[in-house]
Novice: 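I'd like to ask some things about the structure below.
As the structure lists them, so they are numbered: ligands from 1, and atoms in each ligand from 1.
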Amino acid sequence: MSTTENAIASAEAHSAHNYHPLPVVVATADGAWMTDVEGRRYLDMLAGYSALNFGHGNRRLIDAAKAQLERVTLTSRAFHHDRFADFCTRLAELCGMEMVLPMNTGAEAVETAVKTARKWGYRVKGVPDGMAKIIVAADNFHGRTTTIISFSTDHEARADFGPYTPGFEIVPYGDLTALREAMTENTVAVLLEPIQGEAGVLVPPPGYLSGVRELTRERDVLFIADEIQSGLGRTGKTFACEHEGVVPDMYILGKALGGGVVPVSAVVSSAAVLGVYRAGEHGSTFGGNPLACAVALEVIAMLDTGEYQQRAAELGEHLHQELGLLVGGGAVEAVRGRGLWAGVDIDPGRGTGREISERLMDRRVLVKDTHGSTIRIAPPLVISKEDLDWGLEQLREVLRG
Ligand SMILES: *Cc1c(COP(=O)(O)O)cnc(C)c1O
């Protein structure tokens, strides 16, 4: 057996089969490229679902992490540490907000947002105890905890994991009328992805996000934007909400916030909302740890310059122009997305998304399928135009074949 086959067989034997990875075993990575255990190089067009917006082994992020590793890595929140205040201040500034509540994974931050909205509902809005409702969209992806999968519409994500957490109302994504009709006195929040990532990079119809903003403001309901995948430069702006000039009441951030180095997530909001917490009501052993803060501070500094957002906008325009040329040619049915982020619906006659991904892998390009015959393209924002063009050429070859 080859080194690759050996590694895959061992993984199959000893890890739960909750993923179905492509048969490639990565050993090292740099920028937009990964090298496998047999020395083959692959262009990474997934970027860890946007956790690697700044590329693999980003020098600034690795240096920041190394320097912090030598100082102090964990204090717990039982004590202050000297990177914490800076992290919260700078992240709040980046978001145009006032307060930050740090966590580690995206799902934890979503859970934190749910708890915050409920507490705000009871303490500030005056919803009767135990009655708070949060409205979410069909086909959402917000993580994998028992509460979060309770409001998923994806059978695979939900089945066999009940009983489910109550308190959620599901409406079709992009439908303002349905949202308006679902709102009651007890609605405390609307939780949405400004672009639905896992659903296939679904961009809502124009006017939807601003409509949600208007409606939530009118009804004294929090607008929570899950920007875990769409935020921090991916779409050509710091936040995907900006494309409609919308500022939500709360951002949920994760993925790229940790620079692909450590898990860092956060809920960012106003003092009126995050100010509802008192000591002991919520927390996390690792949330806001010194190493996480040091890496995230470097991420924030990189985003402060705007250069990554601009890169994503420019390369994204090129990406969508090139992908657009494929639509109608028989192989590609539709392309969606913004910035360096695209969902490509392949004609099912050409193969499943999985098969297309495998053929791309044979051509040394790594992508991930979503549902059916859709593949998503989301390279690190540091990818060169030449590499992007080379990746697109491989896609054209695969679709031709
Ligand atoms: C990935 C993702 C999450 C969950 O993040 P984890 O770190 O995997 O828990 C939540 N929301 C969105 C939009 C995501 O893309």
Novice: Do any heavy atoms of Y49 fall under 4.0 Å from ligand 1?
Specialist: no
Novice: Apply the side chain to side chain contact (heavy atoms under 4.5 Å, CB included) test between Q229 and each candidate in R376, E193, R234, Q196; give the one that qualifies.
Specialist: R376
Novice: What protein heavy atom lies closest to atom 2 (C) of ligand 1? Include the residue and the distance to one decimal.
Specialist: K255 NZ, 2.5 Å
Novice: Is atom 11 (N) of ligand 1 less than 4.0 angstrom from some protein heavy atom?
Specialist: yes
Novice: Any sub-3.5 Å donor-acceptor pair from R118's side-chain atoms to A132's backbone N or O?
Specialist: no
Novice: If you round to the nearest 0.5 Å, how far is NZ of K119 from NE2 of H282?
Specialist: 11.5 Å
Novice: Tell me whether T73 contacts the main-chain N or O of L69 through its side chain, where contact means a donor paired with an acceptor under 3.5 Å.
Specialist: no
Novice: When you look for heavy atoms under 4.0 Å from ligand 1, do you find them on the side chain of E108, its backbone, both, or neither?
Specialist: neither
Novice: What residue and heavy atom of the protein are closest to atom 5 (O) of ligand 1, and at what distance?
Specialist: G106 CA, 3.3 Å
Novice: Evaluate salt bridge (charged side-chain N to carboxylate O under 4.0 Å, His left out) for E358 paired with R354, printing each intermediate quantity in order.
Specialist: CA-CA 6 Å; E358 285 171 357; R354 173 73 185 194; 2.9 Å; yes
Novice: In terms of the angle between their ring planes, are H81 and F84 parallel, tilted or perpendicular, with boundaries placed at 30° and 60°?
Specialist: perpendicular
Novice: May I ask you to list the atoms of ligand 1 that are less than 4.0 angstrom from any heavy atom of E193?
Specialist: 13 (C)
Novice: Give the atoms of ligand 1, by number and element, whose distance to some non-hydrogen atom of D226 is under 4.0 Å.
Specialist: 10 (C), 11 (N), 12 (C), 13 (C)
Novice: In terms of atom number and element, which parts of ligand 1 are under 4.0 angstrom from non-hydrogen atoms of F141?
Specialist: 1 (C), 2 (C), 3 (C), 11 (N), 12 (C), 13 (C), 14 (C)
Novice: For atom 9 (O) of ligand 1, find the nearest protein heavy atom and state the residue, atom name and distance (0.1 Å precision).
Specialist: A107 N, 2.8 Å
Novice: For D345, does its backbone N or O pair with a side-chain atom of E333 as donor and acceptor, under 3.5 Å?
Specialist: no
